[in-house]
Amino acid sequence: MLKKRESLKPVAGADRYARRRFGFKEELLLVILPTLTVLAVLFFVEILNRQRLLFSSLASSSFLIYLDPMHGTNAVRSLVLSHLCAALLGLLMYQILGPGYISGGVAMVAAILLMILLDAVHPPAVSTSLIFAFRVADESNLILFALALGVTAALVLIERSTMWLLARHSK
């Protein structure tokens, strides 16, 4: 069963190749970078304002970046645009409708539609819209979130570079 590694294969009928799998050590190297990124972001958040849930969607983004850094969903453009739009929509709905299910639902639907319209689909951003619509009233948290998002976007470039190096040295 471990040999098949079905989790990285495209679904039947998809016009796409599976991400090349490396050995255990190389895969561990790829997963360490997102893990360290998330832990570093959490450390700085703890120091600055204790808004831990604010960054939970970035943890999902980091794992998706590990899973397939070359996928369009995990491109820097998709990552940054979808999360920032979702955060702004969530904050806007919080300001207009107050905290609650209505503001969360409107922010979530609007974020999904905007991601589709902008061709910047990144699923964890849906959670970002909910986090800001339900919880965040302080606009300064948006700046902190944007900084953490920048760190996560840098992770895309690091993961792609690491995959390139691993592929080059494993030939």
(message) Would you say that Ile65 contacts Thr152 through its side chain, given a criterion of any heavy-atom pair below 4.5 Å between the two side chains?
(response) yes

(request) List the atom of Leu157, the atom of Val76, and the distance in Å for their closest heavy-atom pair. (result) CD2-CG2, 4.2 Å

(request) Please report the C-alpha distance between Ser57 and Ser127 in whole Å, then the side-chain angles of each, then the deciding distance to 0.1 Å, and finally whether the side-chain hydrogen bond (donor to acceptor under 3.5 Å, both in side chains) criterion is met. (result) CA-CA 6 Å; Ser57 58; Ser127 298; 5.9 Å; no

(request) Please check if Leu79 and Leu88 belong to a single hydrophobic cluster, counting links between Ile, Leu, Val, Met, Phe, Trp and Tyr side chain heavy atoms closer than 4.5 Å. (result) yes

(message) If you count every heavy atom of other residues, nucleotides or ligands that lies below 6.0 Å from Ile102 atom CD1, does the total exceed 12?
(response) no

(request) Indicate yes or no for a side-chain donor-acceptor contact from Asn74 to the backbone of Leu64 under 3.5 Å, with no hydrogens or angles considered. (result) yes

(request) Please list, chain by chain and in numerical order, all residues satisfying ring pair (Phe, Tyr, Trp, His ring centres under 6.0 Å) with His122, sequence neighbours excluded. (result) His83

(message) For residues Val106 and Tyr101: do they belong to one hydrophobic cluster (side chain heavy atoms under 4.5 Å, members Ile, Leu, Val, Met, Phe, Trp, Tyr)?
(response) no

(message) Rounded to the nearest 0.5 Å, what separates atom OG1 in Thr35 from atom CZ in Phe63?
(response) 9.0 Å

(message) Would a single hydrophobic cluster contain both Met93 and Leu113, if residues Ile, Leu, Val, Met, Phe, Trp and Tyr are joined by side-chain heavy-atom contacts under 4.5 Å?
(response) no

(message) Test your reading of the model: is there a side-chain donor-acceptor pair from Thr162 to the backbone of Ile158, 3.5 Å cut-off?
(response) yes

(request) Answer yes or no: is there a donor N or O on one side and an acceptor on the other, between the side chain of Ser78 and the main chain of Gly72, under 3.5 Å? (result) yes

(message) I need the minimum non-hydrogen distance between Gly104 and Leu130, along with the two atoms involved.
(response) O-CD2, 3.3 Å

(request) State, to 0.1 Å, how close Arg160 and Met70 come at their nearest heavy-atom pair, and which atoms those are. (result) CG-SD, 3.5 Å

(message) Quick one: does any side-chain atom of Arg77 pair with a main-chain N or O of Ser82 as donor and acceptor, under 3.5 Å?
(response) no

(request) Would you give the length of the straight line joining atom CZ of Phe134 to atom CE of Met108, rounded to the nearest 0.5 angstrom? (result) 8.5 Å

(request) Quick one: pull up CG in Leu117 and SG in Cys85 and give me the separation to the nearest 0.5 Å. (result) 10.5 Å

(request) Is it possible for you to say whether Leu58 and Leu155 belong to one hydrophobic cluster, with membership spreading through side-chain heavy-atom contacts below 4.5 Å? (result) yes

(message) Show the nearest heavy-atom pair for residues Val156 and Pro69, with the distance to one decimal.
(response) CG1-O, 4.5 Å

(request) Specify the closest pair of heavy atoms between Tyr94 and Ser103, including all atoms of both residues, with the distance to one decimal. (result) N-CB, 4.3 Å

(request) List the atom of Leu84, the atom of Ala146, and the distance in Å for their closest heavy-atom pair. (result) CD2-CB, 4.1 Å

(request) Check whether Val80 and Leu91 end up in the same hydrophobic cluster, where Ile, Leu, Val, Met, Phe, Trp and Tyr are linked by side-chain heavy atoms less than 4.5 Å apart. (result) yes

